[in-house]
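Before any comments, here is the structure.
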Number of protein chains: 2
Amino acid sequence: MTSFTEENYLKIIYMLTEQNGGSEVSTNELAEHTQTKAASVSDMLRKLAEKNLINYRKYQGVTLTKEGQHIALSVIRKHRLWEVFLVEKLGFGWDEIHDIAEQLEHIDSKELTEKLDKFLGNPQFDPHGDPIPDAKGKMPSMSSHKLSEIAVDQTVVMVGVTVHSPAFLQHLDKNNITLGCSIRIQEVSEFDKSFTIILNNTQSVFVSNEVAKNLLVK
Amino acid sequence: MTSFTEENYLKIIYMLTEQNGGSEVSTNELAEHTQTKAASVSDMLRKLAEKNLINYRKYQGVTLTKEGQHIALSVIRKHRLWEVFLVEKLGFGWDEIHDIAEQLEHIDSKELTEKLDKFLGNPQFDPHGDPIPDAKGKMPSMSSHKLSEIAVDQTVVMVGVTVHSPAFLQHLDKNNITLGCSIRIQEVSEFDKSFTIILNNTQSVFVSNEVAKNLLVK
DNA sequence: ATTAATTTTTAGGTTTGTCTAAAAATTTGA
DNA sequence: TCAAATTTTTAGACAAACCTAAAAATTAAT
Ligand SMILES: [Mn+2]
Ligand SMILES: [Mn+2]
Ligand SMILES: [Mn+2]
Ligand SMILES: [Mn+2]
């Protein structure tokens with residue numbers, strides 16, 4: 001009923017709505033994230049509104065309806081479960097899986113999704129620390145902060161990233177910063193807000209503010 | 001480069017060419033198997049010929065080019081590997097997997113295919129006994145016969161099916177006929193060519209000729 | 001060897017999702 | 001506040017993959 005393309009729009013609307021703190025998503029924002037032109041987005045919004053998957057008032061941006069949110073969450077659930085599979089079972093790195101999951105997230109079979117979930121041990125978070133919604137769409141919650149907001153001497157655990165680009169993830173790999181590692185803040189530079197941290201109580205590592213802003217810790 | 005739809009055409013052309021013993025596949029044959037009309041098939045054949053994926057002389061049917069065969073075999077490889085995954089890892093029955101594999105066979109990632117193959121232990125045959133081509137397209141060979149052609153008193157091993165419909169597979173399940181089981185032919189009815197067989201040296205089972213014709217044994 | 005039946009192709013359209021260019025609405029800001 | 005800048009929508013087209021109806025080629029039958 002919902003095409004590959006429609007599913008992608010719904011997923012992106014969901015994510016941008018989250019990012020905007022719940023307020024409407026604009027046509028141009030969507031055009032950027034769908035790699036299309038605003039005119040194409042307008043066409044699609046008309047269609048999604050027709051199908052009652054989004055709330056759409058011309059020129060006012062969109063939000064998802066219950067039904068649209070349900071589909072979006074199902075796509076996100078599949079994306080993240082497949083990412084767990086790719087890393088845990090097939091041995092991919094966390095920087096290699098996104099594009100493959102972009103394809104797998106559209107495979108249409110409830111039984112498959114639920115059996116995969118069970119096979120993986122009902123994981124709560126994906127390899128980037130993103131929460132995996134359950135079959136009903138409920139997200140596991142976890143309060144986290146940006147590393148850049150943590151004060152000197154505190155010790156925290158790395159629980160996620162806010163940027164998923166291979167370049168960023170590979171940079172973390174090179175510095176041994178992995179999900180679950182412990183981080184003690186040794187020093188914060190007055191000048192450039194860069195961090196010197198102690199990883200797992202053993203290794204001293206330099207972290208630029210740009211990186212610290214995109215690391216989630218708890 | 002090759003769309004979902006094109007891949008399906010190539011795969012079906014490959015399989016029908018095999019069935020025809022290597023000779024050309026007709027437009028109507030393809031229309032049946034693609035669930036479309038002959039006119040649509042004609043359009044697609046023109047396009048596939050343009051891309052040098054098939055050898056096409058109007059009104060004379062088609063065969064695959066080297067390039068077309070290569071793509072077809074890659075799709076078949078993925079289909080059968082995913083079927084192994086669904087049965088061996090997720091616990092699906094062999095009667096439930098075909099439609100899911102029809103989707104998964106189009107996921108485009110060589111690394112994924114090769115890692116999946118390794119994860120599964122480089123299987124040679126899928127859950128229906130069909131051979132899985134290797135990364136270069138080479139099929140493992142296995143000489144087999146139809147059960148219906150085996151003589152009384154011989155003992156053979158069940159190695160495949162020539163029909164994949166859920167109804168047929170469920171019928172086999174109900175009679176405990178599974179891949180790898182041993183079959184001793186106790187009696188063949190003169191009247192209707194039906195078989196009475198001994199399964200795994202223990203159980204006596206009745207098999208109609210219609211079923212025996214679609215069971216492959218060795 | 002013609003004619004009849006069948007198969008295949010072509011012609012002309014539709015739907016989905018995209019595009020560019022132009023028009024309309026909204027927002028900014030002098 | 002009202003004109004300029006920006007954003008969004010509409011108009012008109014296009015490619016992919018399908019359709020129906022009609023024409024052309026092949027095959028089968030007298
Ligand atoms: Mn991802
Ligand atoms: Mn992720
Ligand atoms: Mn199958
Ligand atoms: Mn199979």
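Here is the naming used below: chain letters follow the sequence lines, and residue numbers restart at 1 for every chain. Predicted model only: the values in this text are computed from it and were never measured.
- B:Asp192 and B:Ser194 share a donor-acceptor pair across their side chains, judged by distance under 3.5 Å alone.
- Between the CE atom of B:Met44 and the P atom of C:dT9 there is a distance of 14 Å, rounded to whole Å.
- B:Phe85 is linked by a ring-ring contact (aromatic ring centres under 6.0 Å, His included) to A:Phe85, B:Trp82, counting only residues two or more places apart in sequence or in another chain.
- Taken residue by residue, residues 36-43 of chain A places heavy atoms nearer than 4.0 Å to DNA chain C at A:Thr36, A:Lys37, A:Ala39, A:Ser40, A:Asp43.
- Scanning for ring-ring contact (aromatic ring centres under 6.0 Å, His included) contacts around A:Phe125 gives an empty result, with sequence neighbours left out.
- Residues satisfying the side-chain hydrogen bond (donor to acceptor under 3.5 Å, both in side chains) criterion with B:Asn52, sequence neighbours excluded, are absent altogether.
- The nearest whole Å value for the distance from the CD atom in A:Glu32 to the C1' atom in D:dT8 is 15 Å.
- Legend: residues meeting side-chain hydrogen bond (donor to acceptor under 3.5 Å, both in side chains) with A:Glu24, ordered by chain and number and at least two apart, are absent.
- Here the P atom of nucleotide D:dT10 and the CG atom of A:Leu45 are 11 Å apart, to the nearest Å.
- Within residues 52-63 of chain A, the residues that place at least one heavy atom under 4.0 Å from DNA chain D are, in residue-number order, A:Tyr56, A:Lys58, A:Tyr59.
- Taking the ring-ring contact (aromatic ring centres under 6.0 Å, His included) definition, one finds that B:His33 meets it with nothing, sequence neighbours left out.
- Residue pairs that meet the salt bridge (charged side-chain N to carboxylate O under 4.0 Å, His left out) test with at least one member in residues 2-14 of chain B, sequence neighbours left out, are B:Glu6-B:Lys47, B:Glu6-B:Lys51, B:Lys11-B:Glu102, B:Lys11-B:Glu105.
- If you check residues 1-30 of chain B against DNA chain D, the residues with a heavy atom closer than 4.0 Å are B:Ser3, B:Thr5, B:Tyr9, listed by number.
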Table please: side-chain donor-acceptor pairs of residues 128-135 of chain A below 3.5 Å, with sequence neighbours left out.
{"residue": "A:His128", "atom": "ND1", "partner": "A:Glu83", "partner atom": "OE1", "Å": "3.1"}
{"residue": "A:His128", "atom": "NE2", "partner": "A:Trp94", "partner atom": "O", "Å": "2.9"}
{"residue": "A:Asp130", "atom": "OD2", "partner": "A:His164", "partner atom": "NE2", "Å": "2.7"}
{"residue": "A:Asp134", "atom": "OD1", "partner": "A:Lys136", "partner atom": "N", "Å": "2.8"}
{"residue": "A:Asp134", "atom": "OD1", "partner": "A:Gly137", "partner atom": "N", "Å": "3.0"}
{"residue": "A:Asp134", "atom": "OD1", "partner": "A:Lys138", "partner atom": "N", "Å": "3.0"}

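- Between the C1' atom of D:dT9 and the CD atom of A:Glu50 lies a distance of 15 Å, rounded to the nearest Å.
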Expected list for residues 211-218 of chain A: side-chain donor-acceptor pairs under 3.5 angstrom, two or more places apart:
{"residue": "A:Asn214", "atom": "OD1", "partner": "A:Thr162", "partner atom": "OG1", "Å": "2.8"}
{"residue": "A:Asn214", "atom": "ND2", "partner": "A:Glu210", "partner atom": "O", "Å": "3.0"}

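- Applying the salt bridge (charged side-chain N to carboxylate O under 4.0 Å, His left out) rule to pairs touching residues 58-78 of chain A yields A:Arg77-A:Glu114, A:Arg77-A:Asp117, sequence neighbours excluded.
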